[in-house]
Amino acid sequence: MSNNNPLKIRQVHHVELYVGNAKQADYFYRNAFGFERVAYTGLETGNREQCSYGLQQGTFKLLLTTPYTSLDKASAHIFQHGDGVRDVALEVDDADFAFEESLRRGATAAVAPYSIKTERGEARRAAVKVYGDTIHSFFSKPNYDGPFFPEFVESRAPGRNAGLLRLDHFVANVEFGKMQHWEDWYRRVFGFDRFMTFDDKDISTDFTALNSVVMANHSRSIKFPINEPAPGKRKSQIEEYTEFYQSPGVQHIALLTTDIIATIRQLRANGVDFLDVPDTYYEALNARVGLIDEDLETLRGLRILVDRDDEGYLLQLFTKPVEDRPTLFYEIIQRKGCQGFGKGNFKALFEAIEREQAGRGNLV
Ligand code: FE2
């Protein structure tokens, strides 16, 4: 097992966003995306540097963090990138071991191991740097079983639950020519291997193209696709992202549901904005994917996309960016046997993204 999992990673523990106003982001993620708040740390709990709201839907945990002053390191992150993903945090057997072993394998340190210790218990944390200003924290909680971490207090506030169950994958956008570097990094440091790959022949429109590789752990429970732009006639969506995020970073987070029709109905009722595809997409759908359980008219009405491979099919839909900069967005996905990423939808999807990009004056 150690060869397959050299850092003894158990799972993605949470994704942390640095945001300009965590109080308002908490409201948005509860009432639009259906998360529930479960934990909080801030001035009221003795934290005088940052406040964080811990949200959860299904098993997926989201941490929304805002610094109290411009001196806090999170302020520089928000100044440069806007709201975005700072940390894809991993629960490991032993944070100290994962940190030392990752450095031995070539990772760069971001945070040396330290204890988070309160009367509620103890956790260990360390972190390494990856693309842009993104980090992977390693957490182990030898002596804590409350919400998030020992500096948090329980803080319950409901959301308009949309039936999202867990993280399916999250995707990084990196600079032109850097995909191979990060593929090698995840192989060498995390012991991941290549689960799937797409090139500009799979992912191109008349104007733009990109390459993508999906890195995954041995059990396939953690999947990290990495995108880079490929040469095209116009600026690709990856370049638009890196221009506005002002560095590489996390492009989208895909969350799994087992009833995408109910989930999308709820998210739309909650006011979430999704990418639209033209009606011609649905005219060609039957011929492309064959027999499926869902009613085609219902899918058309909700603008849900479908793709099939040898093992089954998947249904998916993408939100528009959730901040004013065209950066982070979300994917909602349901899998019925298919372990792919919707290759058959790439063209329709990227054309939809390009229409949005053109509307922003960025398809140049
Ligand atoms: Fe995706």
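Both counts, for ligands and for their atoms, begin at 1 and track the order of listing. All residue numbers refer to positions in the sequence shown, counting from 1.
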For this session: For E119, enumerate each residue passing the salt bridge (charged side-chain N to carboxylate O under 4.0 Å, His left out) test, keeping only those at least two apart in sequence or located in another chain.
Result: none
Return a table of donor-acceptor pairs under 3.5 angstrom between the side chains of residues 186-196 and protein atoms on other chains or two or more places apart.
residue	atom	partner	partner atom	Å
Y186	OH	H136	NE2	2.7
R187	NH1	E183	OE2	3.4
R187	NH2	E183	OE2	3.1
R188	NE	R105	O	3.0
D193	OD1	R220	NH1	2.5
D193	OD1	R220	NH2	3.3
R194	NE	E183	OE2	3.0
R194	NH2	E183	OE1	3.3
R194	NH2	E183	OE2	3.0

For this session: Test the K320-F329 pair against the cation-pi criterion, namely NZ or CZ under 6.0 angstrom from the six-membered ring centroid and within 45° of the ring axis.
Result: no
Exercise. Could D96 and R124 be called an ion pair, given the rule that one side-chain N must be under 4.0 Å from one carboxylate O?
Worked result: yes
For this session: Apply salt bridge (charged side-chain N to carboxylate O under 4.0 Å, His left out) to D307 and list each qualifying residue two or more places apart in sequence or on a separate chain.
Result: R288
For this session: For the residue pair F341 and H169, categorise the inter-ring angle as parallel (less than 30°), tilted (30 to 60°) or perpendicular (more than 60°).
Result: perpendicular
Exercise. If you leave out waters, which protein N, O or S atoms are less than 2.8 Å from the Fe ion (ligand 1)?
Worked result: H169 NE2, H252 NE2, E331 OE1
